[in-house]
2 protein chains.
Amino acid sequence: MNATLAAAAPTPIRPYAIAAASMDAHTLATLLHLDPDPDPVLHQTAFATRHVREKETLIRAGDECRNLYVVRSGFFRSSYLDRSGSIQGLGFPMTGDTLGADGLATGRHTAEAVALDCSEVVVIPVARLTALSRSHAALATLFYRLISREIVRDQCSLFLLGSLGAEARVAAFLLDLSDRFCALGYSRTMFNLRMTRQDIGNYLGLKIETVSRILSGLAQQGLISVHHRAVEILDPAALRLAVEDAARRTAPRAG
Amino acid sequence: MNATLAAAAPTPIRPYAIAAASMDAHTLATLLHLDPDPDPVLHQTAFATRHVREKETLIRAGDECRNLYVVRSGFFRSSYLDRSGSIQGLGFPMTGDTLGADGLATGRHTAEAVALDCSEVVVIPVARLTALSRSHAALATLFYRLISREIVRDQCSLFLLGSLGAEARVAAFLLDLSDRFCALGYSRTMFNLRMTRQDIGNYLGLKIETVSRILSGLAQQGLISVHHRAVEILDPAALRLAVEDAARRTAPRAG
DNA sequence: CGACCGTTTGATCCTTTTCAATCGTCGTGG
DNA sequence: CCACGACGATTGAAAAGGATCAAACGGTCG
């Protein structure tokens with residue numbers, strides 16, 4: 001049990017010791033999993049990086065949009081804030097994900113971003129966004145993809161909330177985390193949740209008790225194992241099946 | 001009964017008499033409600049337009065992303081298609097809205113767009129997107145805003161689905177339509193729904209019966225009047241209150 | 001050790017879905 | 001011109017799924 005916990009913690013594997021004060025565009029493209037253009041200018045273009053402490057708010061809703069950020073390391077929680085003060089979780093950006101792209105539309109951010117873990121981000125000033133787009137086509141393409149990716153991510157979340165039941169949402173959430181951790185070189189099957197049950201509930205449109213119950217339920221079915229924030233995925237195929245079955249049963253189908 | 005309809009029907013010519021075969025960037029910026037940059041180059045840069053017949057699919061999920069589109073006139077339904085065939089409504093783009101921005105991320109569209117009405121769109125080839133960003137900063141800014149707006153829109157929908165009950169979702173949906181019609185110069189209080197109850201349900205994550213029941217309920221409360229697809233908003237303040245009350249009661253609050 | 005915070009679990013209530021039947025409208029063909 | 005059939009919309013009753021209220025548990029930190 002304790003050994004599990006120790007092994008499951010993903011972050012400590014890569015300390016931020018080597019964190020540079022800046023990052024060139026080529027490395028940035030790699031970080032974003034966007035095939036880096038061979039254009040040598042990408043190596044010459046550098047962006048500053050910034051550290052964000054745990055629980056620190058990097059982007060506040062209503063703030064003027066000065067920068068975009070790409071997560072270099074760490075873990076964030078992104079939320080939409082209604083004028084009435086209601087909150088809706090939007091996602092949990094981690095290494096390679098983008099923050100702040102919502103602010104370009106009006107010049108002010110509508111979503112906030114809070115670090116759930118000691119993190120580091122690459123800072124892309126909006127002014128440089130247009131300036132660099134002008135000077136280097138490869139960078140313009142990079143930026144467009146980076147922003148568009150946010151749309152795809154949100155649309156996928158919309159599918160979760162609109163078409164799936166509670167159990168399927170939680171299952172899909174775990175599988176998504178699993179994939180993303182794996183893509184970063186961590187274990188696909190064992191990891192620690194960085195967010196509270198409340199955060200998960202805000203994101204999935206479920207109450208905290210429901211999240212807890214469903215996690216327990218999945219564990220009882222033998223699909224996962226949960227102890228507090230340590231999760232192990234025991235039967236990924238069955239989890240995937242749970243999501244797809246729910247989609248087939250409850251979601252409206254095309255045709 | 002309707003002079004507009006009567007006049008449009010017998011004319012086999014293009015219903016939009018003034019419709020040009022192309023549109024300059026300055027006019028496009030105005031269409032998008034983005035303050036047009038005074039840069040004279042915007043007047044010299046033109047984009048082709050294209051007609052889309054009713055029920056025609058402009059963008060198919062999986063298609064290669066060659067163009068972005070800005071709706072010049074008409075009405076669309078945009079949907080996300082899961083691999084398993086499940087469908088999730090994403091929105092109902094109309095004049096001034098953008099289509100296809102999801103495709104920039106990977107080069108393939110993940111969402112489809114179907115015209116619910118005879119429509120016309122401005123075509124922005126992806127190749128020109130980067131080329132023009134390179135030559136004109138004003139256009140780059142325009143494009144970034146245009147794409148970012150899609151993110152804001154989706155995040156707002158996420159709030160609807162994740163935080164509001166069925167009645168509030170329908171109320172918010174009606175108010176949104178009302179605002180958008182008003183912004184286009186149509187009546188804020190009386191309009192025809194172009195989409196079926198099924199389309200509304202797909203978008204709001206509700207079953208068709210629920211949508212119907214809630215519309216009837218709102219009508220019985222005297223907030224709206226519904227007959228088939230003709231909607232009249234009788235008490236916008238009460239509708240708005242219904243949304244905000246629901247947000248306060250059911251949605252998790254910040255703090 | 002004790003208090004606090006996040007989590008789990010149980011019982012009950014409320015909302016939404018499901019299943020089923022009916023209605024109304026529009027378009028088609030007799 | 002009317003009858004018919006198809007499709008979309010409405011309405012009702014029963015069932016399922018989450019939410020709510022309430023209580024207890026388990027780690028963590030002072």
Side-chain angles (χ1 to χ4, degrees), chain A residues 1-2 4-6 8-9 54-55 77 86 116 160-171 192-220 224-231 242 245-253 255, chain B residues 1 5 9 54-55 77 86 116 160-171 192-220 224-231 242 245-253 255:
Chain A
M1 228 57 86
N2 284 335
T4 308
L5 266 170
E54 191 176 337
K55 295 184 185 175
R77 175 192 66 204
S86 308
L116 293 181
L160 273 195
L161 294 192
S163 298
L164 300 183
E167 188 181 82
R169 287 185 213 176
V170 174
N192 278 334
L193 300 174
R194 307 294 221 307
M195 70 296 283
T196 66
R197 299 285 190 269
Q198 181 70 62
D199 292 332
I200 300 176
N202 286 350
Y203 171 58
L204 295 177
L206 300 172
K207 294 302 165 187
I208 179 175
E209 297 96 327
T210 305
V211 174
S212 179
R213 254 184 269 272
I214 284 172
L215 285 174
S216 302
L218 291 175
Q220 202 164 7
I224 63 173
S225 135
V226 206
H227 293 97
H228 317 115
R229 296 198 185 175
V231 172
D245 270 8
R248 249 184 296 281
R249 279 207 326 280
T250 72
R253 311 225 35 207
Chain B
M1 63 176 89
L5 270 171
E54 191 176 337
K55 296 183 183 174
R77 176 193 64 204
S86 307
L116 293 181
L160 275 195
L161 294 193
S163 298
L164 299 182
E167 188 181 81
R169 286 186 214 176
V170 174
N192 280 331
L193 300 175
R194 305 301 212 319
M195 70 294 282
T196 67
R197 299 285 189 269
Q198 181 70 60
D199 291 333
I200 300 175
N202 286 351
Y203 172 57
L204 295 177
L206 300 172
K207 294 302 167 190
I208 178 175
E209 298 96 327
T210 307
V211 173
S212 180
R213 254 185 270 272
I214 284 173
L215 285 174
S216 302
L218 291 175
Q220 202 163 6
I224 64 173
S225 134
V226 207
H227 292 96
H228 322 114
R229 297 196 184 176
V231 172
D245 270 9
R248 249 183 296 280
R249 281 206 325 279
T250 71
R253 313 231 28 212

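The structure presented is a predicted model; accordingly, all values stated were derived computationally and were not measured. Here is how names work: the chains are called A, B, and so on, in the same order as the sequence lines, proteins then strands, and each is numbered from 1.
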task: Give B:Ser212 one of three labels, base, sugar-phosphate or nothing, depending on what nucleic acid heavy atoms sit under 4.0 Å from its own.
output: base
message: Nearest whole Å is fine: how far is D:dG27 P from A:Asn192 CG?
response: 14 Å
message: Rounded to whole Å, how long is the line connecting atom NZ of A:Lys207 with atom P of C:dT8?
response: 17 Å
message: Students often get this wrong, so: under 4.0 angstrom with heavy atoms, is A:Gly205 touching a base, only sugar-phosphate, or nothing?
response: sugar-phosphate
- request: Among the candidates D:dA9, C:dT8, C:dT16, find the nucleotide nearest to the side-chain atoms of B:Ala166.
  value: C:dT16
- request: Would you check if the side chain of B:Asp245 reaches a backbone N or O of B:Ala242 as a donor-acceptor pair within less than 3.5 Å?
  value: no
message: Can you identify which nucleotide, out of D:dA19, C:dT7, C:dG10, has its nearest atom closest to the A:Thr210 side chain?
response: D:dA19
message: From CG of B:Leu164 over to C1' of C:dT15, roughly how many Å is that when rounded to an integer?
response: 14 Å
task: Give the rounded distance in Å between these two atoms: CG of B:Leu215 and C1' of D:dA9.
output: 10 Å
task: Round to a whole Å and report the spacing from CZ of A:Arg213 to P of D:dA16.
output: 18 Å
- request: Grab the two heavy atoms, one from A:Leu164 and one from A:Thr250, that are nearest each other, plus how far apart they are.
  value: CA-OG1, 4.4 Å
field: Listed nucleotide nearest any side-chain atom of A:Arg197, set C:dT8, C:dG6, D:dA9
entry: C:dT8
query: Does B:His228 have a side-chain nitrogen or oxygen under 4.0 Å from the phosphate oxygens OP1 or OP2 of C:dT25?
result: yes
- request: With heavy atoms under 4.0 Å as the rule, sort A:Leu206 into base, sugar-phosphate or nothing.
  value: sugar-phosphate
- prompt: Considering all heavy atoms of both residues, which atom of B:Ser86 and which atom of A:Arg248 are nearest to each other, and what is their separation?
  reply: OG-N, 4.2 Å
- line: When rounded to whole Å, the CZ to P distance for the pair A:Arg249 and C:dT16 reads 20 Å
- prompt: Rounded to whole angstroms, how far apart are CD1 on B:Ile208 and P on C:dT16?
  reply: 17 Å
statement: In terms of heavy-atom contacts, B:Thr210 and B:Ala166 come closest through CG2-CB, 4.1 Å
task: Tell me which nucleotide among D:dA22, D:dT11, C:dA11 gets nearest to the side chain of A:Glu209.
output: D:dA22
Partner of B:Val170 under side-chain contact (heavy atoms from CB on, under 4.5 Å), chosen from B:Leu206, B:Ile200, B:Ile224: B:Leu206
- prompt: Atom CG of B:Asp199 and atom C1' of D:dA9: how far apart are they, to the nearest Å?
  reply: 13 Å
message: What contact category does B:Arg229 fall into here, base, sugar-phosphate, or nothing, at under 4.0 angstrom with non-hydrogen atoms?
response: sugar-phosphate
